[in-house]
Amino acid sequence: MDIKLGLVVVVAVACAIPCVQSQEIRCANRCFAEVEESLPCQCNRACQKYGNCCEDFELQCLVEHWKKYGRDELQKALKKQQLNKNLAKNVIIFIGDGMDLTTVTAARILKGQQKGLAGEEEKIVWETFPYTGLLKTYATDRQIPDSAATATALFCGVKTKSSTIGVDDRIEVENCATQEGASVDSVMVDAQEMGKSTGIVTNSYVSDATPGAMYAHSAYRRWLSGPVDGCEDVTSQIISKADKVNVIMGGGRAFMLPNTTADPEDPDSLGTRTDGRNLIEEWTALHEGYNYQYVWNDEDLAAVDADETDYLLGLFAYYRTTYENDRTPETRDPSLAEMTIKAIEILQKNKNGFLLMVEGALIDIAHHFGIGQDALNETIALDEAVSAALDMVNLDETLVIVTADHSHGMSMSSGYSSRGNPILGLNDQAIGNDELPYTTLLYNQGPGGVEELDSIKETGHRRNLTNEETMASGFHQSSLIPSSYATHGGVDIPVYAIGPMAHMLDSTHEQNYVAHVIRHAACMGEYADDCSRFPTRRNKARKRPASANIGH
């Protein structure tokens, strides 16, 4: 007889007898075995009809589950004493725009519920990283920051004023004349000086605040379509300052094309540039003689041969790419994970290593419009991108950081919902004093508040969500303050790290500290000659390889 089959028969026969000691042990062993395999904590089917006996051992099983979890976590914590002090040959920085702790928690639950689980026990991949800290996000002139100031802090290592990119606090917002002497370089520039390949991936436009802070210097983040008072706009600096970036992928064809040229995907839409420049043509001309590709849809991206490509420009949308939940073959947009995979395939060919920044920008956009479902699904899309990257790199030599630029105003604080209650659904344990239900997720301000105000004006009370499809795409969670556009939050945001020198990202820090950790871990920038952990090697700046000396 097959051994496994024999065991099942033994347990089935045993449980067909009233619960006596020997049978209790068999049921318990079966239950505990399932805990070890991280399976649902349930008695063997053959035992379930014996009611209390089975329930008793399911409870014992759950107790053992939490004890085992505690033991496992303790062992992980003890292993943290074995610090990875290797040189970070590669660095990957993932930015979940607007991805605060509430967003991560709610996305974790949704991810689990999409698998048919209760949800709370699920993990987002970066929650398995050994080191977690908190970052203070305020700008030098704002308690609650924008993405330009926070990206400058993260990538350049200094805090600055809101709405400004790649400049220090000497800048005056929208004053071109104050840019001189205020420019600060990012870790991407440092990486290039070390001979590393570099890349930018986003699902916003490639000259938006977060990717822009990697290469641009601007007194105003909204200067995108032509020079202002003699200062270069952010987008044109893709040609003048990001020409050495090996991979640039995202959206934003609008800002690359002149206002007389139709978009290739939407002929009814023209470019927005006022200076007559076609930056796509300039980029391709700049890279003539090198192995380069320009693509604008997912099929063309899939066809790119990474082994034969050293420079890739992918512009997949007029403005931003499509929400992950709305992507179809017709939208022709690649996923964030697909872009990340292709970027790493190209960048990892460099023996000197690489630095890549990947931004999940649409988390922030969904939050701005008060659409919790899209914000959470975009966080799960970032989770898939991070997972894909981890499968491709050696963590002994690759520092991976996942963080946000700022928080948002979504809360998960309503009424003691039951375990496993749909995170995008109504609270199942409480209603308001007006006898109307409300969702588990709420916003401080946003379009949901406008809808509540309209309902009050029309009916005398807020929306009755009893029969509403609150989990549908486009549903606006309720908010306290009616506003067409929700703004950022100012609370500290998490940072997760794994790989060389990841242990430096614990505790609570100013946000600009991250750039210093990256530079120290990779021995570059101001820390190029200060890597005392490598006494036999002086990792001084190398000259850029000839193939990177483009346009200068």
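All values derive from a computational prediction rather than experimental measurement.
- Between the side chains of Ser204 and Arg320, a donor-acceptor pair is found at a separation under 3.5 Å.
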Could you pull out all donor-acceptor pairs under 3.5 Å where a side-chain atom in residues 339-346 meets a protein atom, sequence neighbours excluded?
| residue | atom | partner | partner atom | Å |
| --- | --- | --- | --- | --- |
| Thr340 | OG1 | Leu336 | O | 2.8 |
| Lys342 | NZ | Val304 | O | 2.7 |

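- Asp243 and Gln237 form no side-chain donor-acceptor contact under 3.5 Å, judged by distance and modelled atom types alone.
- Put simply, CG on Asn377 and CD1 on Ile371 are 11.5 Å apart, with the number rounded to the nearest 0.5 Å.
- Scanning all heavy atoms of the two residues, the minimum distance from Ala118 to Arg419 falls at CB-NE, 3.8 Å.
- Distance alone, capped at 3.5 Å, places no donor-acceptor pair between the Glu180 side chain and the Thr178 backbone.
- Between the side chains of Thr198 and Gln192, at least one donor N or O lies within less than 3.5 Å of an accepting N or O.
- Leu224 and Asp233 make their closest contact through O-OD2, 3.0 Å (heavy atoms, listed as atom of the first residue, atom of the second, distance).
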Discussion item. For Asp72 and Tyr69: C-alpha separation, side-chain torsions, deciding distance, then whether side chain to side chain donor-acceptor pair (under 3.5 Å) applies.
Written reply: CA-CA 5 Å; Asp72 290 347; Tyr69 172 83; over 6 Å; no
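- Nearest heavy atom pair, residue Tyr527 against residue His516, reads OH-ND1, 2.9 Å.
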Worksheet entry | Full working for salt bridge (charged side-chain N to carboxylate O under 4.0 Å, His left out) between Arg221 and Asp146 | CA-CA 10 Å; Arg221 60 179 291 187; Asp146 79 328; 3.2 Å; yes
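- Donor-acceptor pairing under 3.5 Å is recorded for the side chains of Asp169 and Thr140.
- Between the side chains of Ser407 and Asp100, no donor-acceptor pair of N or O atoms lies under 3.5 Å.
- A donor atom on one side chain and an acceptor atom on the other are found under 3.5 Å apart for Asp97 and His406.
- Here His408 and Tyr443 keep their ring centres 6.0 angstrom or further from each other.
- Smallest separation of non-hydrogen atoms from Ile498 and Leu395: CD1-CD1, 3.7 Å.
- With hydrogens and angles left out, the side-chain atoms of Thr137 and Gln511 include no donor and acceptor closer than 3.5 Å.
- Heavy atoms from other residues, nucleotides or ligands lying under 6.0 Å from CD of Glu73 number more than 12.
- Aromatic pair Phe94/Trp126: centroids not less than 6.0 angstrom apart.
- A 4.5 Å side-chain heavy-atom check between Ile518 and Leu355 finds at least one atom pair inside the cut-off.
- Counting all heavy atoms, side chain and backbone alike, Ala486 lies closest to Gly446 at CB-CA, 4.1 Å.
- Each of Thr321, Thr379, Asn325, Asp374 was compared with Leu362 under the side-chain contact (heavy atoms from CB on, under 4.5 Å) criterion, and only Thr321 meets it.
- Heavy atoms only, all atoms of each residue included: Lys349 and Asp307 are closest at NZ-O, 3.6 Å.
- The six-membered or imidazole ring of Tyr131 lies away from that of Tyr496, with a centre-to-centre distance of 6.0 Å or more.
- Side chain to side chain, Glu510 and Tyr138 meet the donor-acceptor criterion of an N or O pair below 3.5 Å.
- With 3.5 Å as the limit, one finds no donor-acceptor pair spanning the side chains of His367 and His488.
- Other residues, nucleotides and ligands place more than 12 heavy atoms under 6.0 Å from the OH atom of Tyr485.
- When only modelled atom types and interatomic distance are considered, Asp405 and Ser147 share a side-chain donor-acceptor pair under 3.5 Å.
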